[in-house]
Amino acid sequence: MKLPALLSLLAFTSLATGADLQTLTFNADTWAEGEVPKEVFIVEGKIQIAAKDGNKAISIDPGAELTDACAQVGTSAAGESSIEARVFASKRARSVPKFGVSVHGMSGHRLLVNAAKKQLEIFKSDAVVASVPFTWTNDAWLKLKLEVKRGEGDAWLVTGKAWPADAAEPAEPTIKADAKGLKGQGKAGVWGTPYSQTPIYFDDITVKIEAAPAT
């Protein structure tokens with residue numbers, strides 16, 4: 001049974017930082033097909049709610065002009081942030097897509113599957129800060145998880161995981177990178193560039209953020 005589109009907004013306390021953390025879970029099953037609801041903010045690209053495999057999902061569709069499409073979900077973080085999602089994409093002939101998830105807004109970190117390069121990459125803004133070999137499976141649901149957490153002092157740790165959606169989450173990160181002095185601000189998001197001219201689907205999205213202190 002599918003969960004509601006906006007399942008929960010849970011608050012709890014991080015023992016490490018004493019910060020107020022929130023968890024928001026989304027899927028598209030109670031949303032109407034067509035235009036995205038208010039919970040989804042389109043930054044760029046042709047993005048809508050569409051049927052997929054008997055359910056519904058956020059769909060990044062090929063448009064008249066190829067672009068790095070992005071939609072944001074949830075509320076803005078004020079510190080640590082993570083996002084997990086199921087993603088489905090496909091190739092056409094020799095053309096393959098690029099897709100992933102992000103935290104901390106447009107200038108934050110992104111975890112991207114670069115099928116053409118056979119790599120899993122971590123970006124900060126538009127620069128690659130880490131990459132590892134990764135073989136993407138065509139026409140199969142994949143899970144992606146990106147976490148950005150505080151370390152000691154002004155250090156931060158960025159970790160990413162990618163695994164088949166029908167398998168257990170791996171214990172260790174698939175990829176990781178270090179960062180310094182992050183502001184930790186901005187919303188989580190989903191990204192896709194449909195080079196193959198086929199839709200990219202996102203479903204079962206979970207966002208966790210360190211929220212700003214209550215005033």
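Residue indices begin at 1 and follow the sequence shown.
The CD1 atom of I60 sits 4.5 Å away from the CD1 atom of I47 when rounded to the nearest 0.5 Å. Between the CD1 atom in I209 and the NZ atom in K187 there is a gap of 10.0 Å [rounded to 0.5 Å]. A distance of 15.0 Å separates OG of S131 from NZ of K118, quoted to the nearest 0.5 Å. Note that CG of L142 and OG1 of T137 are 7.5 Å apart. Values are rounded to the nearest 0.5 Å. Going from atom CG of L182 over to atom CZ of R150 covers 9.5 Å, rounded to the nearest 0.5 Å.
Heavy-atom minimum distance, E80 versus H104: C-NE2, 4.2 Å. What you find for V103 and L146 is that their closest heavy atoms are N-CD2, 3.9 Å. The minimum heavy-atom distance between D29 and N27, with the atom names listed, is N-OD1, 3.1 Å. In terms of heavy atoms, N138 sits closest to A89 at OD1-O, 4.0 Å. The nearest pair of heavy atoms linking L66 to P194 is CD1-O, 3.6 Å. For the pair W136 and P97, the tightest heavy-atom approach, listed with the atom from each and the gap, is CH2-CD, 3.7 Å.
Proximity of W31 to I58: side-chain heavy atoms (C-beta onward) are separated by under 4.5 Å at one or more points. Taking the side chain as every heavy atom from C-beta outward, I205 and T25 never approach each other to under 4.5 Å. The shortest distance between side-chain heavy atoms of K208 and Q22 does not fall below 4.5 Å. Side chains of Y195 and K91 form no contact here, defined as non-hydrogen atoms less than 4.5 Å apart.
In this structure, H109 contributes its side chain and S125 its backbone to no donor-acceptor pair below 3.5 Å.
Taking the charged nitrogens against the carboxylate oxygens, E33 and K56 have no contact shorter than 4.0 Å, which rules out a salt bridge. Taking 4.0 Å as the cut-off between side-chain N and carboxylate O, R86 and D203 count as a salt-bridged pair.
With sequence neighbours left out, K124 forms a side-chain hydrogen bond (donor to acceptor under 3.5 Å, both in side chains) with no residue at all. Residues passing the side-chain hydrogen bond (donor to acceptor under 3.5 Å, both in side chains) test with T198 are S90, S196, sequence neighbours excluded. Judged as a ring-ring contact (aromatic ring centres under 6.0 Å, His included), and not counting sequence neighbours, the contacts of F88 are W141. Residues forming a side chain to side chain contact (heavy atoms under 4.5 Å, CB included) with A50 (at least two apart in sequence, or on another chain): S59, Y201. Partners of K149 under the salt bridge (charged side-chain N to carboxylate O under 4.0 Å, His left out) rule, at least two apart in sequence or in another chain, are E147. Taking K117 as the reference, N114, Q119, E121 meet the side chain to side chain contact (heavy atoms under 4.5 Å, CB included) condition, with sequence neighbours excluded. Scored by the side-chain hydrogen bond (donor to acceptor under 3.5 Å, both in side chains) test, E44 finds T67 as partners (sequence neighbours excluded). Here E35 pairs with nothing under the side chain to side chain contact (heavy atoms under 4.5 Å, CB included) rule; sequence neighbours left out. Shown here are the side-chain hydrogen bond (donor to acceptor under 3.5 Å, both in side chains) partners of S107, two or more places apart in sequence or in another chain: there are none.
Follow the hydrophobic side-chain contacts under 4.5 Å out from F202 and you reach V36 in the same cluster. Under the 4.5 Å side-chain heavy-atom criterion for ILVMFWY residues, no single connected hydrophobic cluster contains both L144 and L157. Hydrophobic clustering, with ILVMFWY side chains joined whenever heavy atoms are under 4.5 angstrom apart, groups V101 together with I42.
For residues 68-79, the set of pairs meeting the side-chain hydrogen bond (donor to acceptor under 3.5 Å, both in side chains) definition, not counting sequence neighbours, comprises D68-T193.
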Using residues 159-178 as the side-chain source, report each donor-acceptor pair under 3.5 Å to any protein atom, sequence neighbours left out, with the distance given to one decimal.
from : atom 1 : to   : atom 2 : distance (Å)
K161 : NZ     : E169 : OE2    : 2.9
K161 : NZ     : P170 : O      : 2.8
W163 : NE1    : A167 : O      : 3.4
E169 : OE2    : K145 : NZ     : 3.2
T174 : OG1    : A162 : N      : 3.2

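Taking Ile, Leu, Val, Met, Phe, Trp and Tyr as members and joining any whose side-chain heavy atoms lie under 4.5 Å apart, directly or through other members, the hydrophobic cluster of F123 also contains F41, V43, M106, L112, V128, W191.
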Could you give me the CA-CA distance, side-chain angles and deciding distance for L24 and T206, then say whether side-chain contact (heavy atoms from CB on, under 4.5 Å) is met?
-> CA-CA 6 Å; L24 300 99; T206 299; over 6 Å; no

Applying side-chain contact (heavy atoms from CB on, under 4.5 Å), run through F26 and E39 and close with a yes or a no.
-> CA-CA 9 Å; F26 305 87; E39 291 91 344; 4.0 Å; yes

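At most 12 non-hydrogen atoms from other residues, nucleotides or ligands lie less than 6.0 angstrom from CG of D126.
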